[in-house]
Amino acid sequence: MTSHPLRLAPSLLSADFARLAEEIARAEAAGADWLHVDVMDGHFVPNLTIGPPVLRAIRAVAKVPLDVHLMIEEPARWAERYVKAGAWALTFHVEACADEAEARATAAAFRAAGAALVGLSLNPGTPSEQVEPLLDAVDLVLVMSVQPGFGGQSFRPEALPKVRRLRELGFAGHVEMDGGIGRDTLPACVAAGADVLVSGSALFGAADLAAEMAHFRSLGERARREESHAR
Ligand code: DX5
Ligand code: ZN
């Protein structure tokens with residue numbers, strides 16, 4: 001388990017992009033702890049989303065920290081631009097790096113660029129062994145529970161043992177999960193040791209965003225209580 005409070009990070013990928021400021025205000029009023037911003041480059045993933053100018057516009061209206069998830073090639077080259085545009089937590093993918101040395105250099109570049117939290121992500125098919133040697137270099141590990149690229153996919157349970165393994169190894173930073181998280185899947189994520197839960201379609205698609213977030217939070221707190229009793 002972890003001593004970090006549970007954090008809910010609605011993913012703006014599922015918000016109405018024509019009304020971003022209103023959607024951000026709505027998510028914040030509903031209790032968003034962080035806002036999750038998905039950056040895709042059309043190369044690392046087959047989709048193209050948000051660049052630095054749009055991130056800057058989001059930063060100008062958002063009150064809570066921006067959790068920026070880079071699904072891009074050559075992440076180190078972009079670090080400074082995304083930090084300057086307002087990224088607070090900045091996460092790259094281990095699969096975007098040729099080897100461990102490049103991943104370590106990327107984490108160092110993110111830190112030098114001034115990211116408050118340096119994050120490392122891995123895809124559902126990537127074993128946790130690939131991030132384990134890098135844990136001392138990062139503040140956050142984002143365990144993907146869908147193949148990155150699109151919202152609205154089904155949760156992949158093979159992500160859960162990786163979260164458990166990170167906690168068993170004593171990783172004390174944030175463990176974030178992203179993809180297919182909703183009422184049915186959130187409790188298992190929290191029980192495994194995740195403290196940051198990203199959700200896009202299940203939150204923005206809900207009839208009442210605030211009620212859905214409150215429900216997520218109570219499910220998460222309950223999963224934590226049950227997990228600590230089971231120990
Ligand atoms: C997927 C993104 C996710 C996405 C999650 O590549 O990284 O952040 O928005 O969306 P849902 O919650 O709909 O799976
Ligand atoms: Zn994401």
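Quick caveat, the model's predicted, so the values are computed rather than measured. Order of appearance sets the numbers: ligands from 1, and atoms from 1 within every ligand. What you see below is based on every heavy atom in this structure, not just the backbone, and it leaves out hydrogens, waters and symmetry mates.
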Any idea which atoms of ligand 1 are less than 4.0 Å away from a heavy-atom of P148?
6 (O)
Note the single closest protein heavy atom to atom 9 (O) of ligand 1, along with its residue, its atom name and the distance in Å.
S11 OG, 2.7 Å
Using a strict cut-off of less than 4.0 Å between a Lys/Arg side-chain nitrogen and an Asp/Glu carboxylate oxygen, indicate whether E227 and R164 qualify as a salt bridge.
yes
Judging by distance only, is a nitrogen or oxygen of H69 under 3.5 angstrom from one on ligand 1?
yes
Number the atoms of ligand 1 from 1 as they appear, then name those within less than 4.0 Å of a heavy atom of M144, with their elements.
7 (O)
Which atoms of ligand 1 are found less than 4.0 Å from any heavy atom of D38?
2 (C), 3 (C), 4 (C), 7 (O), 8 (O), 9 (O)
Starting from atom 14 (O) of ligand 1, what is the nearest protein heavy atom, named by residue and atom, and what distance separates them?
G180 N, 2.8 Å
Per-atom contacts, ligand 1 versus H36 - under 4.0 Å to a heavy atom:
8 (O)
Note the single closest protein heavy atom to atom 12 (O) of ligand 1, along with its residue, its atom name and the distance in Å.
G200 N, 2.8 Å
Part of S201 with heavy atoms under 4.0 Å of ligand 1, whether side chain, backbone, both or neither:
both
Side chains of E102 and T106: do they bring a donor and an acceptor to under 3.5 Å?
no
Would you say A202 touches ligand 1, if touching means a heavy atom closer than 4.0 Å?
no
Going by heavy atoms in the side chains, are V68 and T91 under 4.5 Å from each other?
no
What atoms of ligand 1 come closer than 4.0 angstrom to any heavy atom of M40?
6 (O)
Testing the basics here: between F216 and A202, what is the closest heavy-atom pair and its distance to 0.1 Å?
CZ-CB, 4.1 Å
Tell me the protein heavy atom at minimum distance from atom 5 (C) of ligand 1, and give that distance in Å.
D178 OD1, 3.5 Å
From CA spacing to verdict: side chain to side chain donor-acceptor pair (under 3.5 Å), D67, H69
CA-CA 7 Å; D67 169 36; H69 177 192; over 6 Å; no
At what distance is the nearest protein heavy atom to atom 6 (O) of ligand 1, and which residue and atom is it?
G149 N, 2.7 Å
Atoms of ligand 1, numbered as shown, that sit under 4.0 Å from any heavy atom of G179
14 (O)
Start with the C-alpha gap between E221 and R217, add the side-chain angles, then the distance that decides, and say whether salt bridge (charged side-chain N to carboxylate O under 4.0 Å, His left out) holds.
CA-CA 6 Å; E221 299 295 354; R217 213 178 283 281; 5.7 Å; no
Basic-acidic side-chain contact under 4.0 Å: D195, R224:
no
Ignoring waters, how many N, O or S atoms from the protein are under 2.8 Å from the Zn ion (ligand 2)?
4
Among E212, H36, M213, exactly one meets side-chain contact (heavy atoms from CB on, under 4.5 Å) together with L8. Which residue is that?
M213
Atom pair CZ (F171) and CG (D136), whose distance is rounded to the nearest 0.5 Å
10.0 Å
For atom 10 (O) of ligand 1, the protein heavy atom that lies nearest, with its residue and separation
G151 CA, 3.5 Å
With side-chain contact (heavy atoms from CB on, under 4.5 Å) as the criterion, how do L70 and F110 come out once you've worked through the C-alpha distance, each side chain's angles and the decisive distance to 0.1 Å?
CA-CA 12 Å; L70 297 182; F110 277 32; 3.8 Å; yes
Donor-acceptor side-chain pairing of D38 and S11 below 3.5 angstrom:
yes
Looking at atom 1 (C) of ligand 1, what's its closest protein heavy atom, distance included?
F150 O, 3.6 Å
Cationic N near anionic O, under 4.0 Å, R26 to E23
yes
Mind checking the CG-CE spacing from L48 to M71? Nearest 0.5 Å is all I need.
11.5 Å
Could you identify the single nearest non-hydrogen protein atom to atom 11 (P) of ligand 1 and state the distance to 0.1 Å?
G152 N, 3.6 Å
Taking atom types as modelled, find out whether H174 and E176 have a side-chain donor-acceptor pair closer than 3.5 angstrom.
no
State whether D139 and R111 are salt-bridged, where the test is any N-O pair (Lys NZ or Arg NE/NH1/NH2 against Asp/Glu carboxylate O) under 4.0 Å.
yes
For ligand 1, which atoms sit closer than 4.0 Å to a heavy atom of M71?
6 (O), 7 (O)
Hey, is ligand 1 close enough to Q153 that some N/O pair sits below 3.5 Å?
no
Under a 4.0 angstrom heavy-atom cut-off, which atoms of ligand 1 come close to S199?
12 (O)
